[in-house]
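First the proteins, then the strands, lettered A, B, ... as listed; each starts at 1.
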Number of protein chains: 2
Amino acid sequence: MPRTIELAEARLAVSTVIFAREPGVAHDELPEQPVQPADRSLWIPLVRRLRAPGKGRWALPGGWLGAAESLEGAAARTLDETTGVTPRYLEQLYTFGAPDRSPDERVVSVVYWALVRPEETSGSIEDPNVRWFDADDLPELAFDHDEIVAYALGRLRTKLGYSQIAHAFLDETFTLAELREVYETVMRRPLDPANFRRTVEASGALVETGEVRTGTPHRPPKLYRPADPAEAGIQGAFRIPVAPHLRRHP
Amino acid sequence: MPRTIELAEARLAVSTVIFAREPGVAHDELPEQPVQPADRSLWIPLVRRLRAPGKGRWALPGGWLGAAESLEGAAARTLDETTGVTPRYLEQLYTFGAPDRSPDERVVSVVYWALVRPEETSGSIEDPNVRWFDADDLPELAFDHDEIVAYALGRLRTKLGYSQIAHAFLDETFTLAELREVYETVMRRPLDPANFRRTVEASGALVETGEVRTGTPHRPPKLYRPADPAEAGIQGAFRIPVAPHLRRHP
DNA sequence: TCAAAAGTGTTCCGTGTACACCCATGG
DNA sequence: CCATGGGTGTACACGGAACACTTTTGA
């Protein structure tokens with residue numbers, strides 16, 4: 001028995017939560033001191049809102065959906081326009097559409113999440129209204145963007161455990177220690193270097209380049225690159241448990 | 001360097017992929033013969049499109065987003081209006097918004113997926129334009145709905161492996177054999193009854209009701225109900241691997 | 001009393017984890 | 001030559017899987 005429904009005059013927005021291992025140009029100054037990878041944090045660029053609603057607050061980079069572009073295309077475009085960042089990995093996260101999430105008009109936001117390499121963040125726009133924040137130490141954000149970031153962080157931690165996305169944080173070639181540091185940073189716990197090496201090597205997800213990184217004060221580590229997904233195939237999968245030892249009675 | 005973008009005049013639709021273990025009233029007649037749970041299939045209700053575009057084709061139940069309702073609310077409402085089904089489990093799946101997915105106007109669809117109990121499907125609308133289909137034997141659907149259903153099936157199979165959603169297919173109380181049949185149907189492989197029992201019992205996700213199901217030709221099985229999630233807590237988790245033994249060289 | 005499903009016990013093996021140990025380089 | 005991170009070897013515990021076995025009912 002369909003009753004009459006007033007249709008929503010909703011505007012369609014696209015926003016992106018971008019994660020990087022290092023902040024881009026503008027960020028809160030921190031005293032530089034050596035930290036363990038598991039104690040390091042992730043960085044997220046935010047944009048200050050110049051208009052109401054939420055004027056003055058920090059918000060996720062985003063914008064309106066264009067007529068001819070795909071959702072992912074809109075995410076990439078608005079990201080580039082607002083922050084100058086071009087992500088290596090971009091995936092849809094969730095669509096937020098509570099009727100009251102924006103005060104004046106109905107806005108439905110398709111939210112993406114992205115991973116970028118260090119070099120990609122360096123091209124980010126220098127603007128007092130764009131700033132990189134520690135993902136674990138964010139200010140209060142506009143709209144429901146706090147909730148969105150928390151959701152994205154959860155997804156990143158989970159997905160890292162069963163997929164190969166960690167590569168998207170790194171340059172073309174990298175050492176196993178660098179890859180391990182990504183896992184340690186995201187999962188916030190140390191990993192055994194020996195076991196990590198074996199797990200990754202056995203998976204076939206990486207191939208040696210034959211090069212080593214020199215200039216370190218110690219034994220030069222081998223450089224790897226991600227295996228062609230086609231070659232890697234099913235065997236390319238490896239699993240790094242997100243939170244082990246939560247099994248037995250705590 | 002933001003160039004001018006023509007904003008999309010997109011309409012916001014909501015659709016739902018509904019899964020049930022048994023078809024509702026109207027479905028293709030199949031000769032009733034005993035089948036193994038792992039050989040049984042899932043059922044999905046579809047609605048015949050009465051208007052262009054895609055007139056005559058089968059499509060996912062859905063409709064337009066109402067002004068005052070949440071996305072999930074819209075999914076539940078349109079589902080009820082078109083099929084008469086009220087799902088026990090309803091979760092957002094993905095948002096599809098390719099510019100050309102609907103021929104005339106731009107439509108962005110927020111798609112949900114749902115699980116229903118046998119009793120809930122029996123209340124479904126009797127209408128020649130609503131029919132239940134075998135999820136593994138669908139006709140060619142309108143728009144990009146084939147792609148959507150395939151995506152939803154993948155998510156169901158994956159999520160069943162690490163969450164408790166299987167309950168949503170069953171009545172208030174159920175036997176372990178019934179729960180196991182859900183897993184066998186969705187994962188399309190047989191499970192060892194002994195190991196399944198131990199895994200589930202050890203997890204604390206179920207509690208015995210103290211009752212047994214009588215009337216079977218054999219030993220009466222105990223009836224269980226889902227544990228209160230608060231009590232179950234972290235220990236409430238158990239994992240049934242989706243596809244084991246794909247590890248070593250095939 | 002018998003067939004068949006419910007439910008229990010036990011063994012085997014892959015995988016994650018800990019940790020001792022060797023290797024190679026810049027300072 | 002030595003401190004340090006790169007890289008290898010190995011032993012152990014846990015949990016998934018296989019499967020033999022006992023229990024309980026209706027017909």
Legend entry - Donor/acceptor link under 3.5 angstrom from A:Arg198 side chain onto base of D:dT10: yes
Rounded to whole Å, please give me the gap between [atom1] in [X] and [atom2] in [N].
X        : N      : atom1 : atom2 : result
B:Arg189 : D:dG16 : CZ    : P     : 12 Å
A:Leu206 : D:dG7  : CG    : P     : 12 Å
B:Phe238 : D:dC14 : CZ    : C1'   : 19 Å
B:Arg197 : D:dT22 : CZ    : P     : 18 Å
A:Arg180 : D:dG5  : CZ    : P     : 10 Å
A:Leu176 : D:dG7  : CG    : C1'   : 10 Å
A:Tyr224 : D:dG6  : OH    : P     : 11 Å
B:Glu208 : C:dA6  : CD    : P     : 15 Å

If you check the [X] side chain, which of [options] turns out closest?
X        : options               : result
B:Lys222 : D:dT8, C:dA6, C:dG7   : C:dG7
A:Asn195 : C:dG7, D:dT8, C:dT17  : C:dT17
B:Asp192 : C:dG7, D:dA18, C:dG9  : D:dA18
A:Ala194 : D:dA17, D:dT24, D:dT8 : D:dT8

Legend entry - Closest-nucleotide 5' rank along DNA chain D - winner of B:Thr214 and A:Val212: A:Val212
Inset, instruction - Output all residues satisfying salt bridge (charged side-chain N to carboxylate O under 4.0 Å, His left out) with B:Asp171, sequence neighbours left out; order by chain, then residue number. - result: none
Inset, instruction - Flag the pair A:Glu178 and A:Arg21 as a salt bridge only when some basic side-chain nitrogen lies within less than 4.0 angstrom of an acidic carboxylate oxygen. - result: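 No.
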Legend entry - Partner of B:Thr175 by side-chain contact (heavy atoms from CB on, under 4.5 Å), out of B:Val212, B:Leu223, B:Leu170, B:Thr216: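 For B:Thr175, the side-chain contact (heavy atoms from CB on, under 4.5 Å) test succeeds with only one of B:Val212, B:Leu223, B:Leu170, B:Thr216, which is B:Leu223.
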Inset, instruction - Examine the side chains of A:Asp134 and A:Ser41 and answer whether a donor and an acceptor come within less than 3.5 Å of each other. - result: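 Short answer, yes.
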Just the table, please: protein N/O against nucleotides 3-5 of chain C N/O, every pair under 3.5 Å.
none

Legend entry - Flag side-chain contact, heavy atom, 4.5 Å: A:Val130 against A:Thr82: no
Output side-chain donor-acceptor pairs under 3.5 Å for residues 153-160 of chain B, partner residues at least two apart or in another chain, one line each.
unit_1   : atom_1 : unit_2   : atom_2 : d
B:Arg155 : NH1    : B:Leu93  : O      : 3.3
B:Arg155 : NH2    : B:Gln92  : O      : 3.2
B:Arg155 : NH2    : B:Leu93  : O      : 3.3
B:Arg157 : NE     : B:Val186 : O      : 2.6
B:Thr158 : OG1    : B:Gly154 : O      : 2.8
B:Lys159 : NZ     : B:Tyr89  : OH     : 3.4
B:Lys159 : NZ     : B:Glu91  : OE1    : 2.8
B:Lys159 : NZ     : B:Glu91  : OE2    : 3.4

Inset, instruction - Find which nucleotide of DNA chain C each of A:Gly215 and A:Thr199 is nearest to by heavy atoms, and output the residue with the more 5' nucleotide. - result: A:Thr199
Inset, instruction - Using a 4.0 Å heavy-atom cut-off across all strands, classify A:Thr216 as base, sugar-phosphate, or nothing. - result: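 It contacts sugar-phosphate atoms only.
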Legend entry - Distance in Å, A:Glu172 CD paired with A:Arg117 CZ, rounded so as to fall on 0.5 Å steps: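 One gets 4.0 Å once the value is rounded to the nearest 0.5 Å.
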